Structures are given as C-alpha cells and as structure tokens.
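In this text the structure is predicted, and so the values were computed from the model without any measurement.
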Amino acid sequence: MTFDVVISGGRVLDGTGAPPYRADVAIGGDRIAAVGRLDGVRARTMIDATGRFVAPGFVDCHVHGDSAVFDPVVQQAALRQGVTTFVLGQDGLSYAPGSAAAVAYAARYFAAVNGPPPGSGARVHPGDGTPPGARVPADGPLTVAELLAGYDRAVPLNTVYLLPHGTIRYDVMGPSPDPATAGDLAAMVRRVERGLSDGARGLSSGLEYLPGRYASAEELAALCRPLGGLPYVTHMRAYGARAETGMAEVMEIAERSGAAVHVSHLHGPASVLAPLVARALGEGVDLTYDTYPYLRGNTILAMVVLPPSVPGAEPDRALEMIASPELDDWWPTLADTWPRLTVSHAPGLEWAEGLTIVAAAERAGVTPAEFCRRLLTETRLTAGVVSARPDEGPEGEQSVRTMLRHPSHTGGSDGIYVGGHPHPRGFGAFARFLGRHVRELGDWTWEQAVVHLASHPARRFGLGDRGLVRSGFAADVVVFDPDVVADRATYAAPRTLAVGVDDVIVSGVPVLAGGELTGASPGRALRS
C-alpha cells in the first residue's frame, strides 16, 4: 500500500496514558490510517523517527494567538514545541462577535495582548513576517463564522475559538459599569447562542479586565447556560493568595448554570490552590485548569497599576485622570511594584522594551511613577509588561510542580507575542514542560505528559477525533527527541525557538520538517 505519510521506527505515545511502544504510523489524507509494524509500506513522505517519540499534537489551552497565529514566526514557535492547536478568544476579549465599536474596543484595550485585529494589515511585531490575516474582515461587525472562516486552511495550526464575554458585554452595554438589565442579558444570550451555532467551543471571561470586571456571577451564569457541555473558561477575579475569592465565584457560576468550568493560568501557592481545587471537585464541579511553567506573568500595564476608580474601558476619561492630580496620592503606593515590572510592549517608546520601570525611569531621568504615567499616556494605555508576582509564596517552583501533576491539569502557554520583549512562555512553555518537568525533574512520565498536553485538553474542548494516535483519528502528529527537547527562550531573550521537535503533521500534511516551516497551511478551524 502507498500512503501520504509514514512515520517509521519511532516509539508511540498514543495519548491514552499507555507506556511508549514501538510502532509505525501511516497517514492517508487527513486521517491516521494505521498504527503498528508496517514493514514494506511506501509513502510520498517518509519520516524516520528512530530514537524519537511519536505523539498526538499538543493543544495550547490558553494562548493569545488571535492575530499572531497568522505570523510565520509564531507558527514556527508553536510547532517547534509540538503545539498543533491554539485555543483562542481568551480572557473575555477578542474580535467576534462584535460591532465595529466592540471590535475597535477589544483591539485597543487588549493591544498589548492580542495585537491588531486579523486583517488590519498591521503586524503583531514590526520585525515579523507578512501582515497577518488578510482573509479576515477587520472593520466590523464581525461574526464568529467570519472569524473562523479566516482561520480555516489559512494557517498551519488548528484553531479553537471561545466566545469572549467582555467583547459581547461591550457590544451590548458599551463601557457601562452598571449591572446588566433583563434586556441586556437577553441580548448577550442571543449573541452567545449565535456564536455557538457558528462554531465557538465555549465562553471565556476576564474578570480582572474591563468590562468583564463589572459582571456579576448571575450575569455570567446566564451566559453559560446555553453552553451545552462546552466549557466556561475564566480568568478569575483573584489569584494567588486571594484565589479563594476567585474560586468561590467559579463555583457559584457552575452551580447556577450547570456549566463545566476551566480556570485559566491557575497560579499561586499550591498550599492555597490545591485545597480549592479539591473542594470544587468534591462539591461536584466539573473543573479543569491550565498552567504555564513560569513564575512571572505578562499583561497590560493599565490593569497592573491603575486603581479601580479609573474607568479603563473609557480610555479618554482614563487618560484625563492619569494626567491630572487626581491620582497623586495613588502613585506612591506602587513603590514596591515598579521593580517587578519589565516593559514588554511600548509603541513609540520601544527603547524601553526589556527594561524594568525603574531602569527605564533612570534612563529617562524621571521617577518610576513619572515614567509610568508617561508610558500610559504616550502609548494611550496600550503598553504591556512582564510582571514578577509577589504572591507566589515561598514554595515558588514547587507550587508549579504540584499543580501541574494534578489530574485536572492541562497545558497552556498564555503566550503573548506582541511587542519587542514579551514573556518567553509563548516560545518555550510546552518545550519546558517536556524538557524540564519530564526529563529533568520527573514530574510526569512521558506518557503522562502527552495526556496533560494532548488527550486531556482535546476531551475538554470537545475535539473528539484529536488527541490520540489511533487509526481513524485526525492526523495531528508530533515527532520529538526526548533527549533534546527543551526551551531556549529566556526573560532576557524571549523570542528564542525551542529545540527537539523537528517534524510535525497537521491534518495529514507536514507543516514542520527539519525544524522549518514547509509553507503548508492545512490548519482547521475546529467548530463545535
């Protein structure tokens, strides 16, 4: 028999949790055709996997690739870690469904996270490739069906899309902090129902961002009721030492709606988090979560430094307050914060990217507070920062290790690709899971790693024919060297590619060969 692709001589990690076994994998069309000893078969593409593992493609459960997925630099960064599927629409803010005003708001407020809307012609990072997403309309209104159509077979990665609560709320209520009325709720629910029928695979919220911060548990539960088994994915209202506040709301929303829940980038001391996860599971909440293997975060500067009294959803008013004496008593309270913040994205002030607020202020000859005000003002609130979190507790990396070993865990990079100096997690998280947490520390066996990074997230997001190396399943397959795979991205050099993953198949088509992009774009928009 002649197949399209045969991967021979490798050891298969099939995603079931079974130990690796020697087998060949044959691919015909976009499906795995056979797994076993396939002596004498022929194929248009033969891949010798001797000494390497063959596994199902990994699912990045939390990544800000809504625009960046069109960027060849980002595509290679993901594929060199074995990631074949991006879950987009995170933290309650993305580009669909929304009116032109809602799309513009999401683009501006989350500029340091998601970058420009796909199809705008703007690059995620000035030094990267071609403008992303020319096939996706950028001038709104934008439906989920249109957004997914722009991803489908236009990139080498599969995409899953979550309905962004904050964008939907802004579309209905604008920047209002008021509780949603019955009419507002009905309008938002209609948008959720339409988005689900268009192919979205869940609902996301960002409850430390705006306007998501204004939503009540009652509002969120109402929007979760139509999900029908798909997950409610939440950036909670509080993390770290205060995670009990966030988890209590998660449990209330699950109880009110009956929805399955997935907590985004769960971080903080394991002594706080593990009992909260156990409590939720013990009370019958269908709960999963993702983590990334680092102790710093990456977000918009405004969220970190501005008090709740500043209406960040109304940029013009917020900028007036920043420039006025209204906040003069606030800035001194941030003295301990400035050394923890490194500028990641500063359009117009690119010289500051990679510097701490303290170092940038020294170079500019001003105080850290004065430089922060300048950074917010001159970027019009679009600056981003990498932040060392103060609430990880003394456990540090041990907390990360404890939480990733839990059976409810899945992998997520929280990758942000905007700016000249982003967090390294987008270029290294999954390779770090493998190289450090499997090979070096033994937190998982290789077979457990594939469950956490492929089959478990595929089940969570309803990707029924993905996540396993099994005959008849979609042919998303990764070949990696267990002795070599490792992250190389650091806080000093965050855009450094990982090593050890050289061959990747998506939907039956080689998209990475010898560590380089093949130029093929077989990625599917995986609709519900």
- More than 12 foreign heavy atoms under 6.0 Å from CZ of R363: is that the case here? no

- Decide if atom CD of E320 counts as having more than 12 heavy atoms of other residues, nucleotides or ligands within a radius under 6.0 Å. yes

- Salt-bridge contact R401-E440 (side-chain N to carboxylate O under 4.0 Å): no

- Message: Nearest 0.5 Å, please: how far is CG in L327 from OG in S309?
- Response: 6.0 Å

- Could R432 and Y294 be counted as a cation-pi pair, given that NZ or CZ must be under 6.0 Å from the ring centre and within 45° of the axis? yes

- Between R425 and D60, does at least one N-O distance fall below 4.0 Å, as a salt bridge requires? no

- Query: Do the ring planes of H265 and H235 sit parallel (below 30°), tilted (30 to 60°) or perpendicular (above 60°)?
  - Reply: perpendicular

- Query: Applying the side-chain contact (heavy atoms from CB on, under 4.5 Å) test to V263, which of L276, L273, L287, T288 qualifies?
  - Reply: L287

- Message: Is the shortest side-chain heavy-atom distance between V277 and L266 below 4.5 Å?
- Response: yes

- I322 side chain near T377 side chain, heavy-atom distance below 4.5 Å: yes

- Minimal non-hydrogen separation, A55 against F480, with atom names: CB-CE2, 4.1 Å

- Query: Between Y491 and R296, is there a cation-pi geometry (under 6.0 Å to ring centre, at most 45° from the normal)?
  - Reply: yes

- Set of residues satisfying ring pair (Phe, Tyr, Trp, His ring centres under 6.0 Å) with respect to Y170, sequence neighbours excluded: Y105

- Query: Can you list the residues that meet the side chain to side chain donor-acceptor pair (under 3.5 Å) rule with R237, with sequence neighbours excluded?
  - Reply: E249

- Check whether the ring centres of W444 and H437 lie less than 6.0 Å apart, and answer yes or no. no

- Message: salt bridge (Lys or Arg N to Asp or Glu O under 4.0 Å), that's the test. Do D328 and R373 meet it? Break it down for me.
- Response: CA-CA 11 Å; D328 284 354; R373 291 173 70 171; 3.7 Å; yes

- Query: Taking atom types as modelled and ignoring hydrogens, do the side chains of D414 and N298 form a donor-acceptor contact shorter than 3.5 angstrom?
  - Reply: no

